[in-house]
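In what follows, every chain begins at residue 1, and chains take the letters A, B, ... in the order their sequences are listed.
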Amino acid sequence: MAEAEQFAAVIVDAPGLGALDYRVPEGMLLAPGDRVIVPLGTRKVPGIVTGLSPVTEVPAKKLRRVAAVLSDTIPLHAEWLALTRFAALYYQRGWGESAVPALPLFMRRAPGVRHESWLKKARAIGPAGGEPGPRPQLNDEQAEACRQVLASGGYVPWVLFGVTGSGKTEVYLHLIEETLVRDPEAQVLLMVPEINLTPQLEARVRARFPDELVVAMHSDFPDGERARSWLAVHEGRARVLVGTRMSIFASFRKLALVIVDEEHDTSFKAGDGLRFSGRDLAVWRAWKNRCPVILGSATPSIETWAKVRKGDYKLLTLTKRASAEATLPAIRLVNPNRKGARTLLTPDAAAAMEATLKAGRQVLVFLNRRGYAPVLSCPSCGWVSTCRRCSTFTVFHKGAKRLVCHHCGWQTGIPPACPKCGDPDILPKGTGTERIEEELAVRFPDRRVLRIDRDSVSTRHEAEEAFRRVHAGEVDILVGTQMVAKGHDFANVGLVVVLNPDAQMLSPATRAREQLFATLMQVAGRAGRAGAQGEVLIQTRFQDDPLFAALARQDYVAFADAVLEDRRANMAVPYVHQAMLYAEAKSLAEAEFFLTEAVEIGMREAPPEVRIYDPVPMPLMRLMNVERAQLLVEADERPALQAFLARWRQSLRARAGVEWTMEVDPLEA
DNA sequence: AGCACGCCGACT
DNA sequence: GTCGGCGTGCTC
Ligand SMILES: [Zn+2]
Ligand SMILES: [Zn+2]
């Protein structure tokens with residue numbers, strides 16, 4: 001006897017399309033969450049079943065049939081469908097656009113001939129085995145933090161606030177252990193900011209839980225490996241997932257704890273595609289799963305701190321450095337050399353370096369600028385080296401003998417003379433790590449200087465080798481960018497010199513100050529961790545700025561409270577909510593024209609509480625020969641903004657030659 | 001997003 | 001006369 005006809009609602013990765021109805025062929029068994037292959041126009045595309053119904057509104061002649069169901073594993077869980085749907089609504093995209101690309105390619109392709117054997121191999125991975133690694137005794141603060149979290153029930157967002165070296169990781173490991181013990185099916189997500197920190201932490205987690213399957217996920221993984229981890233988590237075999245922001249879209253069978261390490265790190269925010277915040281989605285996911293979420297940081301982001309102050313997030317504080325003999329470094333502020341001086345390095349800094357080196361300790365010189373000089377320029381006519389494709393300078397790299405665009409990678413050779421006036425005396429202007437390295441080699445001829453930045457160590461292996469040399473004492477002076485601030489402890493560094501924080505002090509970006517504070521706290525944490533007190537010498541002409549006073553006391557709370565007060569007074573984020581509309585075109589005029597039209601449409605649709613600003617060129621106006629403009633939209637209340645965006649997005653009409661995207665909660669506004 | 005359809009400029 | 005440029009619109 002023939003069964004009643006059934007229709008499947010299927011989401012696909014195409015903009016502006018909702019769920020599409022398809023006929024379910026007789027004999028095909030479908031459930032919500034099943035991955036399918038469906039015809040779309042002339043193509044066959046992957047899709048996800050979101051519902052099944054005996055009726056449809058779609059006219060019969062339009063209806064087509066589901067081509068195949070990918071039945072190699074259990075359907076996607078309802079919680080995962082809810083997550084991707086929320087992300088789509090919140091970040092203003094189609095459901096299919098958030099859900100389908102979140103699956104590894106392997107999980108959205110019709111199975112090939114080797115599919116079965118791959119699955120068998122993928123499912124064969126098991127725990128590391130061996131003896132569990134050491135379980136250090138928790139100090140009373142760590143123990144109290146764990147006690148509070150474990151005594152709580154259901155959804156509670158916690159901020160684990162602790163300085164570098166206060167033992168946050170040990171708290172994570174303890175909470176993970178307890179979570180896994182309490183429920184044999186429970187799974188944990190541990191998110192970390194950067195790929196190069198993943199293997200380190202992954203190894204530590206694996207060593208601690210040798211009898212459990214611990215898997216990793218990050219964008220450097222080839223798809224096969226990503227799919228293997230994905231499947232292990234989806235099927236509930238993996239108990240712990242360690243990964244970067246993309247891992248927030250993993251499908252969990254029973255998520256029982258979410259941890260976001262270094263939650264203030266900007267890498268949790270996706271810069272292209274669906275511009276989601278991995279940290280914010282982590283909080284949503286914990287809420288949905290009625291489980292705790294831990295946001296760990298020595299310098300929480302200002303939006304997170306606002307939630308602590310409001311009482312939305314609960315605070316756990318670790319004040320003690322785990323190694324008892326470690327003391328806070330002494331912070332000393334000195335005036336920078338006057339503008340136009342030959343070098344960035346002040347006599348004060350040089351003298352302090354001399355003393356530290358004499359005492360047999362290492363020096364870390366911090367400068368957040370790669371290359372020899374940010375630009376090459378002609379003193380006679382004012383010519384400056386610029387990128388052919390972007391509206392920016394090309395950076396002078398002396399060793400490589402190239403001028404390089406740090407935004408698009410375009411390069412060119414060093415011109416022998418000024419291309420404009422022929423003057424042969426073109427000069428590097430400003431200072432990067434390469435130049436400092438050169439200067440220090442001259443100034444300290446019998447000291448060994450090592451530079452660590454993305455140019456000097458491009459592979460993970462090279463980076464490890466460089467850090468090994470520092471640890472082994474084969475280096476006296478270490479010159480580095482951001483790269484040295486994160487994750488690595490240098491036990492014998494007695495002095496940190498911060499050459500030019502004023503570059504960031506002068507930045508107009510809203511978040512520049514708090515990011516600088518976080519960076520300085522991090523580099524300061526590199527000094528004095530092996531008993532003797534370390535020193536941090538900062539060259540700045542903003543010595544009265546409360547930022548440095550707070551830094552000297554390592555007082556994040558005072559700093560963050562002051563920032564919040566300022567933001568409230570100026571009605572800035574996080575007290576207002578923002579979205580940005582970006583337009584890209586061959587010319588700035590076209591991009592701005594699109595946005596001007598968008599403003600007109602918006603003005604008709606916006607309720608009074610939504611404020612629409614004027615279109616302006618993006619800070620980097622031209623990138624890769626594409627010119628860009630942006631438009632800021634703001635509201636005091638989130639729901640008003642979201643409702644407006646949803647409607648506005650539908651009204652924006654495509655224009656030939658103009659690409660547009662929307663970003664909710666932009667980092668830069 | 002793809003992909004087809006369609007309407008105008010320049011080549012065999 | 002058709003080859004291909006991309007502007008426009010549709011996909012259950
Ligand atoms: Zn010149
Ligand atoms: Zn460029």
Side-chain angles (χ1 to χ4, degrees), chain A residues 4-26 28-70 76 81 84-85 87-89 91-110 223 246 249 270-276 581-587 589-591 593-595 597-598 601 624-628 646 649-663:
Chain A
E5 187 157 37
Q6 216 188 12
F7 304 97
V10 176
I11 52 173
V12 295
D13 181 17
L17 286 186
L20 304 176
D21 285 356
Y22 288 87
R23 282 186 215 279
V24 180
E26 206 171 320
M28 183 184 279
L29 237 68
L30 281 185
D34 269 331
R35 292 161 300 122
V36 290
I37 303 290
V38 290
L40 183 69
T42 54
R43 303 175 291 157
K44 285 243 167 82
V45 297
I48 297 163
V49 177
T50 59
L52 292 157
S53 165
V55 291
T56 178
E57 311 269 272
V58 179
K61 65 181 165 75
K62 272 189 130 184
L63 278 170
R64 302 172 74 182
R65 316 164 89 231
V66 175
V69 54
L70 307 179
L76 291 154
L81 291 172
T84 52
R85 189 161 70 117
L89 286 170
Y91 293 109
Q92 303 295 331
R93 301 294 161 97
W95 190 359
E97 291 175 87
S98 74
V100 177
L103 297 173
L105 276 173
F106 194 88
M107 306 309 300
R108 48 179 148 120
R109 263 198 319 239
D223 189 74
M246 66 182 303
F249 283 112
D272 53 1
L274 184 81
R275 299 182 177 219
F276 66 94
L581 183 64
Y582 301 102
E584 298 188 339
K586 276 221 198 69
S587 74
E590 288 172 89
F593 183 75
F594 171 85
L595 293 180
E597 283 196 326
I601 296 164
M624 300 271 260
N625 286 326
V626 176
E627 308 214 318
R628 302 129 32 105
R649 171 164 72 102
Q650 304 299 325
S651 318
L652 292 175
R653 308 242 290 115
R655 281 189 67 86
V658 181
E659 301 269 302
W660 64 270
T661 46
M662 204 176 264
E663 175 166 15

Among [options], which nucleotide sits nearest the side chain of [X]?
X	options	result
A/Leu40	C/dC12, B/dC3, C/dG7	C/dC12
A/Leu17	C/dC12, C/dG7, C/dT11	C/dT11
A/Thr42	B/dA4, B/dA1, C/dC12	B/dA4

May I have the distance from [X] (atom [atom1]) to [N] (atom [atom2]), rounded to whole angstrom?
X	N	atom1	atom2	result
A/Ile11	C/dC12	CD1	P	16 Å
A/Lys61	C/dC12	NZ	C1'	12 Å
A/Gln6	C/dC12	CD	C1'	16 Å
A/Glu659	B/dA1	CD	C1'	10 Å
A/Asp13	C/dC10	CG	P	20 Å
A/Leu652	C/dT8	CG	P	16 Å
A/Lys586	C/dG7	NZ	P	8 Å
A/Leu274	B/dA1	CG	C1'	15 Å

Within-4.5 Å side-chain heavy-atom neighbours: [X] and [Y]:
X	Y	answer
A/Leu81	A/Trp95	yes
A/Ile48	A/Leu103	yes
A/Asp13	A/Val45	no

Would you indicate what [X] reaches in the nucleic acid, counting non-hydrogen atoms under 4.0 angstrom: base, sugar-phosphate, or nothing?
X	value
A/Asp21	base
A/Pro39	sugar-phosphate
A/Arg43	base

Task: Spatial distance of atom CZ (A/Arg628) from atom OH (A/Tyr582) [nearest 0.5 Å] - done: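 Here the rounded value is 9.0 Å.
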- [ ] Drop me the distance from A/Tyr22's OH to A/Lys62's NZ, to the nearest 0.5 angstrom.
- [x]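 Spacing of OH (A/Tyr22) from NZ (A/Lys62) equals 11.0 Å.
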